[in-house]
There are 2 protein chains.
Amino acid sequence: MNYSEFQKVIQYYRKSNAKEAITENRKEIRVKKEKTVAKNLQRIFEATLKIGNKKGFQAMSMRDLSDETGLSMGALYAYFASKENLLVMLQRNGRDNFQKILEDCIDEAATPLENLHKLIRTHVYFSEAMQPWFYFTYMEGKNLKKMERKIAVDHELHSDNILSTVLTKGEQEGAFKKLPHQLTAALIKSLLNDWYLKRWKYAKMDVSVDDFAKYVIDFVESHCLVKKSGN
Amino acid sequence: MNYSEFQKVIQYYRKSNAKEAITENRKEIRVKKEKTVAKNLQRIFEATLKIGNKKGFQAMSMRDLSDETGLSMGALYAYFASKENLLVMLQRNGRDNFQKILEDCIDEAATPLENLHKLIRTHVYFSEAMQPWFYFTYMEGKNLKKMERKIAVDHELHSDNILSTVLTKGEQEGAFKKLPHQLTAALIKSLLNDWYLKRWKYAKMDVSVDDFAKYVIDFVESHCLVKKSGN
DNA sequence: CAATAAATCGAACGTTCGTTCGTTTTGATC
DNA sequence: GATCAAAACGAACGAACGTTCGATTTATTG
């Protein structure tokens, strides 16, 4: 799999982008027609990511958002209860998509090594496709209120666990070395995160998303793989 | 070297913490007595890091800072020209310290492998000692104005170059593999950054700063080192 | 202990913020 | 095209913001 193949696969996720955010927050949204909500909420999310990634969510004013979306202040508040609530909706929506993608990635039939490859590639490719959301969520995570931040942390630990589970399974099958897999998983994650956190750097180096995924795989394999001694 | 040894080494840097920030901004600081400036600026820096890392620099009000430092609003403005200027001073001061530490780390006499070890350990240990500043600077970097952000980016690329230079030197001496060293350096940096960005995770895993440094070194060596075939 | 300088204080200023709500526009129904 | 609900509008509100500055306290000097 490479990135252009991946893009086709995820068309489905892109289209249903705000759907879950709607059903989950239906009571707080004052607009009735589903189609109108979907269109405008999508517009609001994109504008928030655009402005938020430039100057930070706190520094984004509702007037900024009004200008960017073309909706009036009053209209905006028909789609969310407060600025804080907008932040929560936006983060939740993306997290749910990401979690679903990652879990679809676990393939019991595949070997642990194949599964590790697929997890790495999917992470890199999905964060490439949704870069604004990933960057935004990483940077604004600490601005969430206690309860919502706990959920965010749980999601992060869950995705760490998906990785470490594969590593453990690989160790049992003799493909991977015996290592502290939880720690390894955390370090792999930090490599993967760098793709959307330091995108400018990789652009400058002329490293493509496919190059990056391949190199991270090599890097991780060097460390985890049991080398077959001259067979 | 381990962390407790490192702590002794950097006592010097800790004490001269705000000294450079003072000389560089002397004209903007209205307070005359050097000793008063040093004491209060240090207090202001620490308070800014504390509040800023909790709620973000933008969301920190001057009233918050006044409460935390015990200085009045008017007194605060005797030490910096504006909120924006405080951000710049704080970032510059830390960057200068970090750069100095890193450059003291380059040891022409040592082997590239020894030098790599020293760079990794120093990075991890220094970011442990100055965690609030590192976290703050990573998160608030994008809020800098154009010119100041360019300086920050240049510093980041410079520290990448220090790493890749050592890797290249090691390759020439036959100790390290032939690899895209710039890319490798970027990935190593992302591992190192994770120590102060995701500190809560490593605390939860009960990984000490020494454990972490050792494991990163192992991870990097697995990838970069030329394996001596059964000698 | 005056006299002078240095440092601190905190009320006040003009903006800008998030949010509201009475009004206007749009779109569907008969 | 009249009627009515849905959606969008944008001026207005009080709160909170960064910043200033004349008054006050603290420290230094002769």
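Lettering of chains follows the sequences in order, A, B, ..., and the numbering in each one begins at 1. The figures that follow rest on heavy atoms only: side chains count, while hydrogens, waters and symmetry mates do not.
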What integer distance in Å separates [X]:[atom1] from [N]:[atom2]?
{"X": "B:L41", "N": "C:dT8", "atom1": "CG", "atom2": "P", "result": "12 Å"}
{"X": "A:R30", "N": "D:dA7", "atom1": "CZ", "atom2": "C1'", "result": "10 Å"}
{"X": "B:L71", "N": "D:dT26", "atom1": "CG", "atom2": "C1'", "result": "14 Å"}
{"X": "B:E34", "N": "D:dT28", "atom1": "CD", "atom2": "P", "result": "15 Å"}
{"X": "B:I29", "N": "C:dT8", "atom1": "CD1", "atom2": "P", "result": "12 Å"}

Is it true that [Y] and [X] share a donor-acceptor pair across their side chains at a distance under 3.5 Å?
{"X": "B:D96", "Y": "B:Q99", "result": "no"}
{"X": "B:Q91", "Y": "B:H155", "result": "no"}
{"X": "B:Y125", "Y": "B:D210", "result": "yes"}
{"X": "A:Y135", "Y": "A:S127", "result": "no"}
{"X": "B:K198", "Y": "A:S190", "result": "no"}
{"X": "B:D211", "Y": "B:S208", "result": "yes"}

request  = With axes from five pairs an end, tell me the bend angle of the helix from C:dT4-D:dA27 to C:dC30-D:dG1, nearest 10°.
outcome  =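 The angle, to the nearest 10 degrees, is 10°.
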key: Residues that A:E24 engages under side-chain hydrogen bond (donor to acceptor under 3.5 Å, both in side chains), provided they are two or more places apart   =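 A:E24: side-chain hydrogen bond (donor to acceptor under 3.5 Å, both in side chains) contacts with A:R92.
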message = Around atom NZ of A:K142, are there more than 12 heavy atoms from other residues, nucleotides or ligands closer than 6.0 Å?
response =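 Yes, NZ of A:K142 has more than 12 neighbouring heavy atoms, counting only those of other groups under 6.0 Å.
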query = Could you walk me through whether A:Q58 and B:K55 pass the side-chain contact (heavy atoms from CB on, under 4.5 Å) check?
reply = CA-CA 10 Å; A:Q58 300 265 8; B:K55 52 160 79 176; 5.7 Å; no
Any A:N40 side-chain nitrogen or oxygen under 4.0 Å from OP1 or OP2 of D:dA8 =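 The answer is yes; a side-chain N or O of A:N40 sits under 4.0 Å from OP1 or OP2.
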ask   = Looking at B:S72, does any N or O in its side chain come under 4.0 Å of the phosphate oxygens OP1/OP2 on C:dC9?
value =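 Yes, within the criterion.
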query = Between atom CD of A:E28 and atom OH of A:Y79, what is the distance when rounded to the nearest 0.5 Å?
reply =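 The CD atom of A:E28 sits 15.0 Å away from the OH atom of A:Y79.
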Side chain of A:M73 - closest among C:dA11, C:dT8, D:dG10 =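 Among the listed nucleotides, the one closest to the side chain of A:M73 is D:dG10.
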inquiry  = Parallel, tilted or perpendicular, judged at 30° and 60°: which one describes the rings of B:F6 and B:Y3?
reply    =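 The arrangement is parallel - the two ring planes meet at less than 30°.
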message = Both B:T36 and A:A59 contact DNA chain C. Taking the nearest nucleotide for each, which residue is further toward the 5' end?
response =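 Residue closer to the 5' terminus by nearest nucleotide: B:T36.
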inquiry  = Contact list please: residues 60-68 of chain A against DNA chain C, heavy atoms, distance less than 4.0 Å, in numerical order.
reply    =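 Close to the strand are A:M60, A:S61, A:M62, A:R63.
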query = Which parts of residues 74-92 of chain B get close to DNA chain C, meaning a heavy atom less than 4.0 angstrom away?
reply =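 Listed by number, they are B:G74, B:A75, B:Y79.
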Report each atom pair, protein N/O against N/O of nucleotides 22-30 of chain C, whose distance is under 3.5 angstrom.
none

inquiry  = Can you see whether B:F57 has B:K83 sitting over its ring - NZ or CZ less than 6.0 Å from the centre and within 45° of the normal?
reply    =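 Judged by the rule, B:K83 and B:F57 form a cation-pi pair.
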message = I'd like to check the ring pair (Phe, Tyr, Trp, His ring centres under 6.0 Å) partners of A:Y77; sequence neighbours left out, ordered by chain and number.
response =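 Here the qualifying residues are A:F80.
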Test side chain to side chain donor-acceptor pair (under 3.5 Å) applied to B:E128 and B:Q7, B:R199, B:H123, the passing residue =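 It is B:R199, the one option of B:Q7, B:R199, B:H123 that forms the side chain to side chain donor-acceptor pair (under 3.5 Å) with B:E128.
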